[in-house]
Amino acid sequence: MENTKTDLNVLIKRRYEELEELKNKGFEPYAYSFDTNSYSEDIKNNFSEYENNTVRISGRIMAIRRMGKASFAHIMDFTGRIQIYLKKDEIGEEYAAFKLMDIGDIIGVEGFVFKTRTGEITVHANKLSLLAKSIRPLPIPKEVEDDKGEKTIYDQFADKELRYRQRYVDLIVNPDVKKVFILRSRIVTTIRNFLDERGLLEVETPILQPLYGGAAAKPFITHHNTLDVDLYLRIADELYLKRLIVGGFDGVYEISKDFRNEGMDRSHNPEFTMLELYAAYKDYNWMMNFVEEIFENICTKVFGKTEFTFEGKTIDFKRPWKRINYVDSIKDKTGVDVINSSEEELKKLLKNIRLDTSAISGKAKLIDEIFSQTVEPDLVQPTFVVDYPLILSPLAKKHRSKEEIVERFEGYVAGKELCNAFSELNDPIDQRQRFEEQVKQKSAGDEEAHPVDEDFIRAMEYGMPPMAGLGIGIDRLIMLFTSQSSIRDVIFFPQMKPEQIA
RNA sequence: GGGCGCGUAGCUCAGUGGUAGAGCAUCUGCCUUUUAAGCAGAGGGUCGGUGGUUCGAGACCACCCGCGCUCACCA
């Protein structure tokens with residue numbers, strides 16, 4: 001570690017020297033602004049309009065080919081890369097300065113657009129400005145494009161740890177990474193626009209909460225000094241959004257971070273983005289159609305198609321999605337009716353499916369695990385799993401015609417849960433009983449069971465309209481649409497163990 | 001937490017017991033339409049750490065550190 005640092009310092013030291021030389025030549029290495037008027041992709045895509053016209057472009061130097069008294073370089077702006085051409089005869093002093101510039105430096109170029117002998121669209125520089133000197137070398141890959149336009153990348157910056165820790169470097173040298181995050185932004189904007197058009201109101205509710213609830217999860221705990229109370233980082237938005245429905249909003253949604261103090265793997269990050277939405281006077285049947293519409297809207301507005309490939313499987317979001325019954329689907333796979341089975345019977349069944357069942361106790365957890373093991377993996381095409389056992393769903397309304405069942409559905413795609421929704425419980429007496437059941441489970445050792453939220457019950461006691469509620473894990477949705485199999489590849493700065501920087 | 005794997009130059013990697021290597025990047029010189037530009041030369045490493053085996057360890061063994069994948073946990 002010590003030696004690599006020394007070695008890197010040699011490269012950095014050299015760049016400090018160049019920086020001083022540039023200053024001595026009268027080039028301020030850190031500029032205040034540059035009046036950019038063109039993007040590289042526009043110039044390349046509309047060459048006939050740009051040819052021989054003067055443009056002002058800016059960006060980072062990504063490659064340099066010096067040939068004595070003339071040089072080529074590629075600079076990268078937000079849209080892509082373009083070649084620039086510099087001649088000593090024409091820019092004199094600035095050419096001498098260019099010799100002190102490196103890959104990674106950010107420059108501004110004014111020049112006219114032309115095509116080189118070999119056919120590359122290039123900006124022939126008349127003026128060169130240094131905008132920011134880079135003093136740390138980039139792990140720059142080499143990119144070769146063959147006749148067919150196929151790109152081969154040599155020495156790609158691939159170390160996952162470094163890519164996540166120094167995402168800024170990852171974004172500079174791996175252009176596909178930038179594409180994923182641009183898509184992420186577009187998808188979220190599209191969802192927002194769709195919900196706004198449908199008359200839902202975007203709202204913000206507390207992240208710091210005196211009680212947590214709305215999901216089965218372990219919270220992060222923090223402390224407020226002035227109030228001298230412990231607070232929880234929210235695990236879900238649900239209980240506050242429902243209070244707003246009590247308050248008279250007919251439709252609200254929130255897109256924001258939730259926090260769960262649990263394991264991390266390729267589909268779990270401790271902080272993640274959730275969409276939650278609540279629509280008064282609607283039920284879960286309405287919501288199923290609405291979810292289909294949300295996805296259809298993303299498909300058409302952002303991608304112009306409904307078919308996607310994820311982990312080698314083709315997935316089609318065309319409406320309507322397949323709908324299966326939760327209890328029946330398990331019965332189909334195992335022959336067992338989980339509702340009318342005892343805890344002992346369920347445990348036995350689960351033992352036949354997987355080896356270790358010791359960590360799982362309680363009927364609810366057993367049923368959920370049996371479902372995960374038997375049904376879930378086969379739900380590749382978008383599928384709604386409908387009507388869940390009551391014991392799994394402390395906030396959902398009892399089914400209007402089925403015993404021990406609630407009106408709830410989850411949307412599955414590619415074997416993964418994408419959304420969760422129900423006809424929301426609005427009976428305060430029932431709600432209190434459900435909370436008390438949760439407390440029992442908690443004292444029985446279930447760390448994820450809810451505490452009782454008295455204020456939430458009080459709100460419900462004033463009268464809560466019937467409503468449908470929905471939660472969508474945005475990160476996982478982005479993974480599907482951008483074909484990324486790790487959540488870390490759709491979050492700019494995924495959680496990492498703290499780095500020791502000497 | 002379990003299993004598997006990885007850690008060698010700034011980057012990507014080769015090196016399975018006998019003088020630490022390659023390409024790119026860096027530096028010097030030449031080169032005024034190049035394309036992983038080219039040509040000639042140069043610098044850069046206590047091979048993640050500690051201990052051990054051995055005449056000799058980057059390599060083998062043990063432990064530690066860091067990371068990745070995977071299983072478990074986790075809507």
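Note that the coordinates shown come from a computational prediction; the quantities given were computed from them, not determined experimentally. So that the names make sense, note that chain A is the first sequence line, chain B the second, and so on, each numbered from 1.
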Looking at A/Glu276 and A/Asp237, would you say the former's side chain and the latter's main chain have a donor-acceptor pair under 3.5 Å? yes
For B/C47 versus B/A59, give the span between their P atoms, rounded off to a whole number of Å. 9 Å
Atom-pair distance (NZ on A/Lys160; C1' on B/C11), nearest Å: 18 Å
Taking only side-chain N and O atoms of A/Arg163, does any of them lie within less than 4.0 angstrom of OP1 or OP2 on B/G68? no
Atom pair distance, as rounded to whole Å: CE in A/Met264 and P in B/C71: 16 Å
Whole-Å distance separating the NZ atom of A/Lys99 from the C1' atom of B/C27: 14 Å
Taking atom C1' in both B/G18 and B/G7, compute the distance separating them and give it to the nearest angstrom. 24 Å
Given side-chain hydrogen bond (donor to acceptor under 3.5 Å, both in side chains), test A/Ser134 with A/Arg60 step by step and report yes or no. CA-CA 9 Å; A/Ser134 164; A/Arg60 190 185 296 275; 5.1 Å; no
Taking atom P in both B/G58 and B/U8, what distance in whole Å separates the two? 15 Å
In whole Å, measure the gap between the C1' atoms of B/G17 and B/C60 for me. 8 Å
Do the side chain of A/Asp265 and the base of B/C73 come within less than 3.5 angstrom through a donor-acceptor pair of N or O atoms? yes
Are any protein N/O atoms closer than 3.5 Å to N/O atoms in nucleotides 21-24 of chain B? If there are, list each pair with its distance.
unit_1 : atom_1 : unit_2   : atom_2 : d
B/G23  : N2     : A/Asp155 : OD1    : 3.4
B/G23  : N2     : A/Asp155 : OD2    : 2.8

So, is A/Arg15 near the phosphate of B/U26, with a side-chain N or O under 4.0 Å from OP1 or OP2? no
Among A/Leu277, A/Leu275, A/Ile255, find the residue that satisfies the side chain to side chain contact (heavy atoms under 4.5 Å, CB included) test when tested with A/Ile472. A/Leu275
Sort and list the pairs that fulfil side-chain hydrogen bond (donor to acceptor under 3.5 Å, both in side chains) and have at least one residue in residues 93-113 of chain A, not counting sequence neighbours. A/Arg56-A/Glu110, A/Ser71-A/Tyr95, A/Asp102-A/Lys133, A/Asp105-A/Lys133
Base, sugar-phosphate, or nothing: which does A/Ala158 touch, judged by heavy atoms less than 4.0 Å apart? sugar-phosphate
A/Phe157 CZ - B/G68 C1' separation (whole Å): 14 Å
Give, for atom CZ of A/Phe72 and atom CZ of A/Arg66, the distance between the pair rounded to the nearest 0.5 Å. 13.5 Å
Describe the nucleic acid contact of A/Glu18 in one word from base, sugar-phosphate, nothing, applying a heavy-atom distance below 4.0 Å. sugar-phosphate
Can you tell me the distance, in whole Å, between the NE2 atom of A/His268 and the P atom of B/A72? 12 Å
Who does B/C69 pair with, Watson-Crick or G-U, both distances under 3.5 Å? B/G3
Measure the distance from CD1 on A/Ile64 to P on B/A36 and round it to the nearest whole Å. 17 Å
Nearest-nucleotide wise, let me know which of A/Gly263 and A/Met496 is further upstream toward the 5' end of RNA chain B. A/Met496
Need the pair for B/U53. Rule: Watson-Crick or G-U wobble, both distances under 3.5 Å, any strand; none if unpaired. none
Only pairs with both distances under 3.5 Å count, Watson-Crick or wobble alike; so what is the partner of B/A42 in this structure? B/U26
Aromatic ring pairing A/Phe456/A/Phe435, orientation class (parallel under 30°, perpendicular over 60°, tilted between): perpendicular
Sugar-phosphate, base or nothing in reach of A/Glu417, heavy atoms under 4.0 Å: base
Working to the nearest 0.5 Å, report the span between CG of A/Asp170 and NZ of A/Lys178. 11.5 Å
With a cut-off of less than 4.0 Å, is there a side-chain N or O of A/Lys497 near OP1 or OP2 of B/C67? yes
Just how far, in rounded Å, is P of B/U35 from CD1 of A/Ile121? 18 Å
Which of these nucleotides, B/U28, B/G66, B/C74, is closest to any side-chain atom of A/Glu262? B/C74
If you compare every side-chain N and O of A/Arg136 against the phosphate oxygens of B/G10 (OP1, OP2), does one of them come in below 4.0 Å? no
Can you give one letter per nucleotide of nucleotides 29-34 of chain B, 5' to 3': B if a protein heavy atom sits under 4.0 Å from the base, S if only from the sugar-phosphate, - if neither? --BBBB
Out of the candidates A/Arg488, A/Arg184, A/Gln484, only one should pair with A/Asp475 under the side chain to side chain donor-acceptor pair (under 3.5 Å) rule; please name it. A/Arg184
Within the structure shown, what part of the strands sits under 4.0 Å from A/Arg408 by heavy-atom distance: base, sugar-phosphate, or nothing? base
Could you give the distance separating B/A25 and B/C11 at their C1' atoms, to the nearest angstrom? 7 Å
Protein-nucleotide distance (A/Asp258, atom CG; B/C74, atom C1'), rounded to Å: 15 Å
Rounded C1' spacing from B/G41 to B/A57 in Å: 34 Å
How are the rings of A/Tyr388 and A/Tyr326 set relative to one another: parallel (under 30°), tilted (30 to 60°) or perpendicular (over 60°)? tilted
Does B/U32 have a Watson-Crick or wobble mate here (both distances under 3.5 Å), and if so which one? none
Lys/Arg-Asp/Glu bridge criterion (N-O < 4.0 Å) met for A/Lys402, A/Glu404: no
So, does A/Asn174 use its side chain to make a donor-acceptor pair with the main chain of A/Phe157 at under 3.5 Å? yes
Which whole number of Å gives the distance between the P atom of B/G23 and that of B/A42? 13 Å
Among the nucleotides B/C11, B/G10, B/U12, which one has an atom lying closest to any side-chain atom of A/Asp159? B/U12
For A/Tyr16, is the OH atom crowded, meaning more than 12 foreign heavy atoms sit under 6.0 Å from it? no
Between B/U53 and B/G1, how far is it from one C1' atom to the other, in whole Å? 32 Å
Pairing nucleotide - B/U19, Watson-Crick or G-U, each distance under 3.5 Å: none
